[in-house]
Amino acid sequence: MENTNILERPFITITNLIWSFDHTTNQVNLLLVKRDNPPYSGYWALPETFMRENESAEEAALRLVREKIGMDLTGSHTEQLATFTNPRRTPGDRAISLAYMTFLPDKPLLKAGYGASDARWYTMGYTQRAYSFGDGERLFHTTQTPVQRAYYDSFDRDQVKAGQHLAFDHEWILKVACDRIRNKLDYQPNVLLILGSSFTLKNARRVYSPFLKTPVSDIDNSNFKKSHQELFTDLGTSEVKGPGRPARLYKLAHLIT
């Protein structure tokens with residue numbers, strides 16, 4: 001007799017990694033929310049939503065941006081990352097995650113939406129072994145394994161404080177996202193959309209820096225310009241007046257405007 005228990009209909013969640021750039025600090029930022037519902041109530045996490053019956057995964061990812069930060073974006077600012085299906089990634093009922101990345105052209109003020117008690121921008125940094133994200137109070141690091149046992153073994157989870165780890169497998173999802181962005185920097189650097197419709201090479205190097213785990217000063221401007229000239233379209237000089245020569249502005253060449 002067939003064992004019907006081998007068939008599952010898991011929940012489908014949309015996880016959205018929402019990136020921005022702070023033009024005051026010149027640093028890459030990531031949106032995290034503090035969960036207000038179980039499981040992992042009180043834990044910081046990547047923004048999530050359930051995919052509705054009448055929408056595609058991409059539409060759900062864009063809806064999540066509207067609901068969380070009130071911005072209407074086109075699909076050109078969002079790309080699919082990966083599908084995460086480990087059966088132990090969530091406690092209780094099984095849930096698979098379709099993860100997307102969204103690159104915001106602005107860094108808006110945040111207001112926690114449904115299911116969250118807080119929402120903040122976390123600044124991206126790095127160590128030799130991991131990427132890091134901090135807000136001055138907490139610091140989270142990407143993990144090297146898809147599932148951390150401390151999340152799923154109840155006797156361990158009770159001893160792991162909410163401020164020490166992200167919920168679910170989100171530290172692993174973050175690592176996959178950072179690696180994906182890094183691997184695309186030399187042929188499709190969509191992450192530069194966080195700089196807006198145009199950018200200077202200096203700001204582009206500031207975005208590249210944490211993903212390459214390299215100080216900005218070690219990314220030579222002349223070599224950077226030469227090696228990326230096919231990826232960028234020169235728009236001319238900036239109209240912003242200031243000391244010294246006006247900086248040249250560029251845009252991503254592969255985007256259709």
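Bear in mind the structure is a predicted one, so any value in this text is a computation, not a measurement.
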Q) With Thr49, which residues qualify under side chain to side chain donor-acceptor pair (under 3.5 Å), at least two apart? A) Arg63
Q.
Taking NZ in Lys184 as the centre, count heavy atoms belonging to other residues, nucleotides or ligands within less than 6.0 Å. Is the count above 12?
A. yes
Q | Hydrophobic cluster (4.5 angstrom, side-chain heavy atoms) - remaining members for Phe50 | A | Phe11
Q | Heavy-atom closest pair, residues Val207 and Val28 | A | CA-CG2, 3.9 Å
Q) Does Ser209 use its side chain to pair, donor to acceptor, with the backbone of Thr214 at less than 3.5 Å? A) yes
Q.
Looking at His170 and Leu46, would you say the former's side chain and the latter's main chain have a donor-acceptor pair under 3.5 Å?
A. yes
**Q.** Exercise: identify the closest heavy-atom pair between Leu252 and Phe232
**A.** CD2-CE2, 4.1 Å
Q: Please identify each residue that fulfils side chain to side chain donor-acceptor pair (under 3.5 Å) with Gln229, with sequence neighbours left out.
A: none
Q. Checking salt bridge (charged side-chain N to carboxylate O under 4.0 Å, His left out) for the pair Asp118/Lys34: CA distance, chi angles, key distance, verdict?
A. CA-CA 5 Å; Asp118 199 358; Lys34 190 174 184 180; over 6 Å; no
Q: Could you pull out all residues at least two apart from Thr15 that satisfy side chain to side chain donor-acceptor pair (under 3.5 Å)?
A: Glu48, Ser97
Q | Nearest heavy atoms of Ile173 and Ala99, plus distance in Å | A | CG2-CB, 4.3 Å
(Q) Please confirm whether the ring centroid of Phe224 lies under 6.0 Å from the ring centroid of Tyr208. (A) yes
Q) How is the hydrophobic cluster of Tyr187 composed, in terms of its other members, when Ile, Leu, Val, Met, Phe, Trp and Tyr link through side-chain heavy atoms under 4.5 Å apart, directly or indirectly? A) none
Q.
If hydrophobic residues (ILVMFWY) are linked whenever their side-chain heavy atoms come closer than 4.5 Å, directly or via other members, who joins Leu64 in its cluster?
A. none
Q: Report the distance from atom CZ of Arg205 to atom CZ of Phe199, rounding to the nearest 0.5 Å.
A: 12.5 Å
Q | All side-chain contact (heavy atoms from CB on, under 4.5 Å) counterparts of Asn54, not counting sequence neighbours | A | Arg52
Q. Side chain to side chain contact (heavy atoms under 4.5 Å, CB included) with Gln188: which of Asn190, Leu192, Val191?
A. Asn190
(Q) For a quick test of reading the model, state the closest non-hydrogen atom pair linking Thr90 to Ala95 and the distance between them. (A) OG1-N, 3.5 Å
Q. Sub-3.5 Å donor-acceptor pair from the side chain of Trp121 to the main-chain atoms of Pro108, do we have one?
A. yes
Q.
Using a 3.5 Å distance criterion without hydrogens, assess whether the side chain of Asp220 forms a donor-acceptor pair with backbone atoms of Asn223.
A. yes
Q) Can you name the residues that form a salt bridge (Lys or Arg N to Asp or Glu O under 4.0 Å) with Asp22, not counting sequence neighbours? A) Lys107
(Q) Could you work out, with ring-ring contact (aromatic ring centres under 6.0 Å, His included) as the rule, every residue matching Tyr250, not counting sequence neighbours? (A) none
Q. For Tyr100, which fellow cluster members are found when Ile, Leu, Val, Met, Phe, Trp and Tyr are connected by side-chain heavy-atom distances below 4.5 angstrom, either directly or through intermediates?
A. Ile12, Ile14, Met51, Ile96, Leu98
Q: For Asn26, check side chain to side chain donor-acceptor pair (under 3.5 Å) against everything at least two apart and list the hits.
A: Arg206
Q: Of all the heavy-atom pairs spanning Pro47 and Leu31, show the shortest one and how long it is.
A: CD-O, 3.6 Å
(Q) Can a donor-acceptor pair be found, under 3.5 Å and without considering hydrogens, that links the side chain of Arg120 to the backbone of Asp135? (A) no
Q. What residues, two or more places apart in sequence or in another chain, satisfy side-chain contact (heavy atoms from CB on, under 4.5 Å) together with Lys213?
A. Tyr126, Tyr131, Arg182
